[in-house]
Amino acid sequence: MGIVYVPDFVANRMGIVNCANEQYGRVGRLGDHTDDPAIARHLQDLDWPNSVINITQSVLRKAQDEGITPGQAANQLADHYATMEHPIWGHRSQQIIDALLRDGWANE
């Protein structure tokens with residue numbers, strides 16, 4: 001038996017979600033994310049495909065099924081999700097990728 005891991009952008013993604021949502025105000029008591037339905041959904045909703053537990057399980061399952069590391073699986077899934085239309089921002093992810101490539105970011 002070894003150590004099972006997932007990259008920080010999978011395991012700690014709620015840190016950035018929490019920071020991004022702070023501009024809209026806090027719902028509930030400081031430190032109690034169960035009071036905020038938008039945050040609680042990520043942490044507690046086992047039926048929601050994008051919850052932390054379900055994304056983590058997807059990464060680990062992909063890694064095992066394809067014989068790759070969890071880091072490789074997470075990167076592949078992130079690349080896939082980056083091509084999907086965001087429910088609010090549309091295809092902004094693809095626009096950002098296109099701009100980075102156009103501006104030569106990959107060559108720096």
Side-chain angles (χ1 to χ4, degrees):
M1 177 178 269
I3 297 172
V4 176
Y5 78 98
V6 293
D8 64 334
F9 65 87
V10 174
N12 194 31
R13 75 168 204 206
M14 290 313 298
I16 194 66
V17 169
N18 186 54
C19 290
N21 286 345
E22 283 179 348
Q23 66 181 330
Y24 303 114
R26 181 173 301 285
V27 175
R29 296 177 304 273
L30 181 63
D32 185 358
H33 299 300
T34 61
D35 283 347
D36 186 336
I39 301 297
R41 183 178 189 196
H42 287 272
L43 299 173
Q44 298 171 326
D45 189 348
L46 300 179
D47 295 324
W48 187 44
N50 291 319
S51 68
V52 173
I53 186 67
N54 287 329
I55 293 294
T56 301
Q57 288 175 339
S58 294
V59 167
L60 295 175
R61 188 172 26 258
K62 181 176 181 62
Q64 183 175 7
D65 290 350
E66 297 181 16
I68 58 178
T69 69
Q72 292 168 317
N75 283 326
Q76 288 177 13
L77 287 170
D79 289 344
H80 169 73
Y81 291 135
T83 65
M84 298 175 71
E85 184 172 355
H86 188 277
I88 297 171
W89 300 109
H91 283 295
R92 183 154 173 80
S93 296
Q94 188 61 51
Q95 293 167 346
I96 292 169
I97 292 167
D98 292 344
L100 289 169
L101 293 172
R102 181 189 65 237
D103 296 341
W105 170 84
N107 300 323
E108 292 182 9

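All values below were derived from every heavy atom in this structure, side-chain atoms included, with hydrogens, water molecules and symmetry-related copies excluded. Starting from 1, each residue takes its place in the sequence as its number.
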Expected list for residues 70-78: side-chain donor-acceptor pairs under 3.5 angstrom, two or more places apart:
unit_1: Gln72; atom_1: OE1; unit_2: Thr69; atom_2: N; d: 2.9
unit_1: Gln72; atom_1: OE1; unit_2: Thr69; atom_2: OG1; d: 3.3
unit_1: Asn75; atom_1: ND2; unit_2: Gly71; atom_2: O; d: 3.2
unit_1: Gln76; atom_1: OE1; unit_2: Lys62; atom_2: NZ; d: 3.3

Please give me the minimum heavy-atom distance between Asn54 and Leu46, naming the atom from each residue. ND2-O, 2.8 Å
So, for Val6 and Leu60, which heavy atoms are closest and what is the spacing to 0.1 Å? CG1-CD2, 3.8 Å
May I ask whether Val59 and Tyr81 are part of the same hydrophobic cluster, defined by side-chain heavy atoms of I, L, V, M, F, W, Y residues being less than 4.5 angstrom apart, directly or through others? yes
Taken to the nearest 0.5 Å, the spacing of Leu101 CG from Ile96 CD1 works out to 12.0 Å
Gln57, CD: over 12 other non-hydrogen atoms inside 6.0 angstrom: yes
If two hydrophobic side chains count as joined below 4.5 Å and joins carry through other members, does Phe9 share a cluster with Val4? yes
Rounded at 0.5 Å granularity, tell me how far CD1 in Ile55 sits from CH2 in Trp48. 8.0 Å
Quick check against the 3.5 Å criterion: does Asp45 have a side-chain atom that pairs as donor or acceptor with the backbone of Ala40? no
